[in-house]
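See below for the structure under consideration.
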Amino acid sequence: RAKETGKARCVIYSAEKFTQPEHDVSLEAAMFQAVRDGEFLLHYQPIVDARSRQIMGFEALMRWMRPGTGMVSPAQFIPMAESNGLINLLGGWALKAACVQIKRFEEIIGRPLYVSVNVSPRQFRNDQFIDVMNDAIRLSGLNGEQLLLEITEGILMSDPEHAESLLNAITARKVRIAIDDFGTGYSSLAYLKRFPIATLKIDRAFIKDLPRSVKDAAICNVVISLASHLDVNTVAEGVENQEQLDYLAKQGCGLVQGFFTGRPLPPQEIISLLEAEQAAREAASGETVDEP
Ligand code: C2E
Ligand code: MG
Ligand code: MG
Ligand code: MG
């Protein structure tokens, strides 16, 4: 309290503090209406090859655009949707919409892409999850291997029996599993042996201070090397500069995702980006082919 009365006291900060609980209740109420009004949308962040920087896929990231208020952070509304159960509806929609969208991106770029979709613990526990996933594949016409489901370590640790049977059902459809925010949860090397995991996403916390931080460098190097020995892919999250990218590429991290190689963008902006890339490629090949 004493600190807040000092000269550094910020009015907005203290106002936020006082209105937070009330605000949360109205935000949660607004959420149900927002689902009906279609205020939720998906942005897409490129996941690129660490060496060539070619786009290999996209992570679908949910956004809530409130008219008159602006964007609500997923860090705020995802936990709310998780506790009130709306996440099943929202997450199911996201899964289908993302698969359909990626098919469109593919048509523009003319080569296969994959899509990474976050799955929350409550969705993962829901009996209908497999049906929703199968619908998403069928509706979009994607191949199973083009879909990557991002789950967290906690999901595997809390109910390993359920996780094992569900993951086996998922991988039977060729859909792949990624561990999101790897290294920040209740990690256990045993689950890398037990479960069919295709990808580890190294959390931004370990990337942030690369390459200077000796500890972070050690952790990243060990994760990349472990993954490569297990034939598991690695995606470094939150890559924000060239040094981080160079370091990770040199260590053998296959894929990176971050503001440096591409921010999350609405589908229309991704389409413009892919069209520009495709036009550049066609122009380049046109020059050599059409030359008399
Ligand atoms: P996440 O799955 O770990 O997603 C990565 C987050 O890092 C995203 O935050 C992304 O915008 C942010 N990010 C990407 N590159 C950078 C970078 O270079 N620097 C920094 N500082 N941040 C970067 P976002 O979009 O705010 O999402 C936050 C979290 O909300 C996600 O973390 C995920 O756990 C959850 N989330 C988002 N969409 C969904 C969804 O559709 N379903 C579920 N269940 N959770 C979602
Ligand atoms: Mg994620
Ligand atoms: Mg992540
Ligand atoms: Mg993360």
Side-chain angles (χ1 to χ4, degrees), residues 31 34-35 39-48 50 53 55 57-65 70-99 101-102 114-126 129 132-133 136 147-155 176-185 187 197-210 223 233-245 247-248 253 255-267 269-270:
M31 201 167 182
V35 172
E39 291 172 17
F40 289 90
L41 37 116
L42 292 172
H43 281 187
Y44 294 85
Q45 183 173 32
I47 298 169
V48 311
R53 289 181 65 170
I55 295 176
F58 292 91
E59 179 172 1
L61 293 161
M62 208 183 292
R63 297 289 178 262
W64 178 7
M65 190 55 180
M71 215 70 105
V72 184
S73 165
Q76 199 173 4
F77 73 78
I78 294 286
M80 241 179 235
E82 176 77 13
S83 72
N84 66 27
L86 267 181
I87 195 68
N88 283 314
L89 188 73
L90 281 173
W93 161 77
L95 191 53
K96 291 175 192 165
C99 290
Q101 186 63 66
I102 238 52
Y114 80 88
V115 65
S116 217
V117 182
N118 295 285
V119 178
S120 82
R122 189 156 176 170
Q123 277 177 279
F124 198 76
R125 285 195 305 267
N126 189 290
F129 181 74
V132 173
M133 183 193 85
L147 175 60
L148 190 65
L149 300 177
E150 299 194 4
I151 62 175
T152 52
E153 296 162 309
I155 290 182
R176 297 176 301 142
I177 304 293
I179 304 298
D180 205 356
D181 309 328
F182 183 73
T184 61
S187 303
I197 290 156
T199 298
L200 297 180
K201 298 193 75 172
I202 308 173
D203 194 74
R204 179 164 81 236
F206 304 113
I207 307 299
K208 198 166 45 77
D209 299 321
L210 288 182
V223 171
N233 298 317
T234 41
V235 179
E237 299 191 287
V239 172
E240 293 185 350
N241 59 55
Q242 182 81 57
E243 284 145 35
Q244 292 166 344
L245 175 62
Y247 181 81
L248 289 159
C253 182
L255 298 162
V256 300
Q257 174 181 355
F259 294 166
F260 185 67
T261 49
R263 288 185 174 261
L265 293 171
E269 288 183 49
I270 297 288

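Keep in mind that the numbers below use all heavy atoms, side chains included, and drop hydrogens, waters and symmetry copies. One-based numbering, in listed order, for ligands and for the atoms of each.
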If you measure every N/O of [X] against every N/O of ligand 1, is any gap under 3.5 Å?
| X | answer |
| --- | --- |
| G258 | no |
| S73 | no |
| I78 | no |

Shortest reach to atom 14 (C) of ligand 1 by a heavy atom, considering only Q45, E82, R122: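 Minimum heavy-atom distance to atom 14 (C) of ligand 1 goes to Q45.
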Give the atoms of ligand 1, by number and element, whose distance to some non-hydrogen atom of [X] is under 4.0 Å.
| X | answer |
| --- | --- |
| D181 | 3 (O) |
| E240 | 17 (C), 18 (O), 19 (N), 20 (C), 21 (N) |
| E59 | 2 (O), 4 (O) |

Qualifying residues under ring pair (Phe, Tyr, Trp, His ring centres under 6.0 Å), relative to F206, sequence neighbours excluded: none
side-chain contact (heavy atoms from CB on, under 4.5 Å) evaluation trace for Y114 with I47: CA-CA 9 Å; Y114 80 88; I47 298 169; 3.3 Å; yes
Heteroatom count (protein N, O or S) under 2.8 Å of the Mg ion (ligand 2):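 Under the 2.8 Å cut-off, the count stands at 4.
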Residue pair A50 / C253: nearest heavy atoms and the distance that separates them: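 Distance-wise, the nearest heavy atoms are CB-O, 3.2 Å.
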Any H43 side-chain heavy atom under 4.5 Å of L265 side chain: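 Of all side-chain heavy-atom pairs linking L265 with H43, none is under 4.5 Å.
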